[in-house]
Amino acid sequence: MLFEDPTPLVAGLNPEQAAAVTLPPEHALILAGAGSGKTRVLTTRIAWLLQSGQAGPGGIMAVTFTNKAAKEMMTRLTAMLPVNVRGMWIGTFHGLCNRFLRAHHQAAGLPQTFQILDTQDQLSAIKRLCKQHNVDDERFPPKQLQWFISGCKEDGMRPRDVVVRDDETRRKVEIYQLYEEQCQREGVVDFGELMLRSYEVLRDNDPIRVHYQRRFKHILIDEFQDTNRLQYAWIKMFSSPHTEGLPPSGNAVFAVGDDDQSIYAFRGARVGNMADFVREFQVKHQIKLEQNYRSASNILNTANELISHNSRRLGKNLRTDAGAGEPVRVYESVSDFAEAQWMVDEMKQLEREGTPRSEMAVLYRSNAQSRVVETALFNAAIPYRVYGGLRFFERAEIKHALAYLRLLENPHDDTSFLRVVNFPPRGIGARSVEQLQDVARSSGCSLHDAVSGVTGRAGTAIANFVALLDVMREKTEAMTLKEIIELVLDKSGLIEHFRNEREGEDRVENLEELVNAAESFVMQEGFGRDAVALPVDEHGSSLSQSPVSQGLDPDAPVLNESLAPDAETGETLSPLAAFLTHAALESGDNQAQAGQDAVQLMTVHAAKGLEFDCVFITGLEEGLFPHENSMSDRDGLEEERRLMYVAITRARKRLYLSHSQTRMLHGQTRYNMKSRFFDELPEACLKWLTPPQPAWAAAAPSVGGWQGGRRGLYATGGSPAANPAWSPGFLSTGSGTPPPKASEPDRGVDIRTGQKVFHNKFGEGKVLALEGAGADARAQVNFSRHGVKWLALSVAKLTPVDE
DNA sequence: CGATGACGAGCGGTC
DNA sequence: CTCGTCATCG
């Protein structure tokens, strides 16, 4: 029974997938292209390991980046075979770190009920710190300090590890140090700290490390290309390929990733981890999954051709058995408004042809672009859903409620204290709070404990607030989570405050939804009926138990991240503490309209991992996509190209690429060239819906036939050879007269978009766009000191600047 | 103390 | 343009 024939699991897999699933227990790197069945391989691998008896649930650790991916893995796994998911460590990096630190909080030097700061909390903690230490926020903007601190942690560096070369860095490191002390004092950890602290516990604590190395025979990692330095080092701790003086751990790391889909370098991801992994772990098995099951070949070839323009790839080419399918449609509009209108018209047509709205997605490079699309959809009464706004647990009213709840758990959480000390307003102003902070600082205690040191009217008001908290804490002691939250919402005055607010209905609704969220959390985590956490067996043996018999809904698998008992005492967290952890680690969904059949709007980043029948990639313009901040260096540009690759590979059947000649951005109309990425796509796969023409031709009366070629009279960085010859067939309704081939405009100056130039009056700037020819040639330049300007090249002297 | 207006800045975003 | 932060007035 335990050693069933694995064939059914592997049946239906292609040879590469099957090979990956059934690899021997040794380190392996799976290069899994977009749509190649990556998640399937990962989950089938786990199922296979379990079913063949090579590992028990307790011997497996599987790490992902998002809760969504972790959930999907669990859902698929439980569908494949009955398994006790609770015994397994499947979750996000941070979720698993949390679980680890709760269990080893003493070794980590943390209170067991430590609170987790999300990005917002972290920023406000830093702001508070800066104010207290009189940090010049002109020279050291809190956002930048946050970036610095997170960056240090992502690289595994404590303040003492940072190499200080200049005074600015010295000061930043000082603030980093102070920030750490503040967090430690308040018993809070940020996301980076979850990773770094658990890494250090593993590194410095031989028995703990050895324990986990022996326990986890198989470590599986999803989206390996997105790991940062610290995450890589963390994984190494669990597998420790070369620990001196210790026997080989004998476990296997199974890493799945795609270097072509690495789009998070900006937040510390290191594609280089893939190569490092192969070298340092002496990886014996590398398998490429190149068979794509998602897209028609016109779409796939478009993606392949684009990404082939990147250097430094591990090398991979997706193939498909699907037919050519429809050509990739390219549309050029006059304005962003027209672009949106055209999309709406196409969507209506698609809908008539039977495409569900939820199978249509609009992808854009930056969030600001969603507005014009939303307006058009709204006016056309087409339901839509925007991803990427504030999520449930990030909403202000929810954060306020959570702050009260956190103060019940930990009165010394100053961040939460400050958030709600005067919210709803209760007459405690900035002055009173400052007094309180002064007292707290001089006596080295928390704000909560400093209250007795403040005298006068301010003191009374604050004392009342603290008393309110204390009363709430006392009253809620024996309550269920639901009752606690209801009491807090009531006694804090939050509900009433938002009831009286002009447009506070949504907020009241959200607060009521918080009660529901807590209820369903309690149900899922099993706090209600069997309050005891399931025993975690060392090497797992509960294969025979079906998930149903454990009262788990297979459709709603749980992460079980907050239930880890204390390693020594076996004590588990209270439902409230567990819920607060859940709120911090899982920020929740962002829209309530999820159920409706709606067109999906999101950034390309947010689209990673998703797929749709029809995809619109919009705003394909120089400066926008590729984004101007990424255009100057090769790495930045290559990441933009990977981003475009991710966008293209989201589409199954139909793909639209559009760009606009003009676009409202930052309140002014910008003239953008079409994206250079168009020049990197295979002509044979494309179909141009609009006659190629330069911007000015749209405004000026046509002089018979089209002016200019596909590139119009725009200048580009490419050589004339990069300009593909016009060929019949890429016009949807060819009029029979091919346009004359484009000639490079004669400007007499060798400048191109993206280039840095120097102007005698305005200084240094970057060329955003070029327009016109000869005497009319103009350049749009973004000067670092003087902003964006249009300059006539016949007048202005622009000197190219070498970088 | 708390609500309203000027002002400046503006990629991507999981946990 | 549009949001978030700061400064001033009631």
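Numbers restart at 1 for each chain; the letters A, B, ... are given by sequence-line order, proteins then strands. Just so we're clear, the structure is a prediction, and the values are computed from it rather than from any experiment.
- Going from the P atom of B:dG13 to that of C:dG4 covers 16 Å, rounded to whole Å.
- For A:Gln261 and A:Tyr645, the side-chain atoms include no donor-acceptor pair closer than 3.5 Å.
- Look at CD on A:Glu138: it is 12 Å from C1' on C:dC6, rounded to the nearest Å.
- An OP1 or OP2 oxygen of B:dT14 is reached within less than 4.0 angstrom by no side-chain nitrogen or oxygen of A:Ser587.
- The side chain of A:Thr119 lies closest to B:dC15, out of B:dG13, B:dC15, B:dC11.
- Atom C1' of nucleotide B:dG12 and atom CG of A:Leu643 are separated by 7 Å, given to the nearest angstrom.
- A donor and an acceptor atom, one from each side chain of A:Tyr671 and A:Gln661, are nowhere located under 3.5 Å apart.
- Side-chain contact annotation: A:Arg365 with A:Thr618, donor-acceptor N/O pair under 3.5 Å absent.
- Rounded to a whole Å, the CG atom of A:Asp137 is 11 Å from the C1' atom of C:dC6.
- Considering only residues two or more places apart in sequence or on other chains, A:His666 meets the side-chain contact (heavy atoms from CB on, under 4.5 Å) condition with none of them.
- The OH atom of A:Tyr387 sits 13 Å away from the P atom of B:dT14 (whole-angstrom rounding).
- In this model, the phosphate group of B:dG12 is approached by a side-chain N or O of A:Asn367 to a distance below 4.0 Å at OP1 or OP2.
- Each of A:Ser630 and A:Thr66 was assigned the nucleotide of DNA chain B with the nearest heavy atom; the assignment lying further toward the 5' end belongs to A:Ser630.
- Proximity note for A:Ser366 (side chain, C-beta onward) versus B:dC15, B:dG12, B:dG10: the nearest is B:dG12.
- Residue A:Arg371 is classed as a sugar-phosphate contact, given heavy-atom separations below 4.0 Å to backbone atoms only.
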Which protein N or O atoms sit under 3.5 Å from an N or O of nucleotides 7-10 of chain C?
none

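- Residue ring and base: A:His94 does not count as stacked with B:dC15 (centre distance below 5.5 Å and interplanar angle below 30° not both satisfied).
- Here A:Arg267 does not reach the OP1 or OP2 of B:dC15: none of its side-chain N or O atoms lies under 4.0 Å away.
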The test is side-chain hydrogen bond (donor to acceptor under 3.5 Å, both in side chains); show your working for A:Thr581 and A:Arg102 and say whether it passes.
CA-CA 11 Å; A:Thr581 298; A:Arg102 300 278 178 203; 2.7 Å; yes
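- No hydrogens or angles considered: a donor-acceptor pair under 3.5 Å links the side chains of A:Asn273 and A:Thr227.
- Atom pair A:Leu117:CG and B:dC15:P shows a separation of 17 Å (rounding to whole Å applied).
- Considering only the side chain of A:Thr603, B:dG13 comes nearest among B:dC11, B:dC15, B:dG13.
- What you find for A:Ala70 and A:Gly91 is that their closest heavy atoms are CB-CA, 4.0 Å.
- Residue A:Met664 places its side chain closer to C:dC1 than to any other of B:dG13, B:dC11, C:dC1.
- Stacking of the aromatic ring of A:Phe266 onto the base of B:dG12 is found: the ring centres lie under 5.5 Å apart and the planes are inclined by under 30°.
- Applying the salt bridge (charged side-chain N to carboxylate O under 4.0 Å, His left out) rule to pairs touching residues 128-151 of chain A yields A:Arg128-A:Glu186, sequence neighbours excluded.
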So which protein nitrogen or oxygen atoms get under 3.5 Å of nucleotides 1-9 of chain B's nitrogens or oxygens?
unit_1	atom_1	unit_2	atom_2	d
B:dC1	OP1	A:Gly429	N	3.2
B:dC1	OP1	A:Ser432	OG	3.0
B:dC1	OP2	A:Ala430	N	3.4
B:dC1	OP2	A:Arg431	N	3.3
B:dG2	OP1	A:Gly427	N	3.2
B:dG2	OP2	A:Asn422	ND2	2.7

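- Defined by atom type and a distance below 3.5 Å, a donor-acceptor pair is present between the side-chain atoms of A:Glu339 and A:Ser658.
- Taking 4.0 angstrom as the limit, A:Asn228 places none of its side-chain polar atoms (N or O) nearer than this to OP1 or OP2 of B:dT14.
- The phosphate of B:dT14 (OP1 or OP2) has no side-chain N or O of A:Lys608 nearer than 4.0 angstrom.
- Atom-to-atom, CH2 of A:Trp147 to P of B:dG12 comes out at 12 Å; the value is rounded to the nearest Å.
- What separates CZ of A:Phe65 from P of B:dC15 is a distance of 11 Å, to the nearest Å.
- Residues passing the side-chain hydrogen bond (donor to acceptor under 3.5 Å, both in side chains) test with A:Thr66, sequence neighbours excluded: none.
- Distance A:Met644 CE to B:dG12 P: 18 Å, rounded to the nearest Å.
- For A:Glu154, the side-chain hydrogen bond (donor to acceptor under 3.5 Å, both in side chains) test picks out no residue, with sequence neighbours left out.
- Listed nucleotides: B:dG12, C:dC3, B:dG10. Nearest to the side chain of A:His605: B:dG12.
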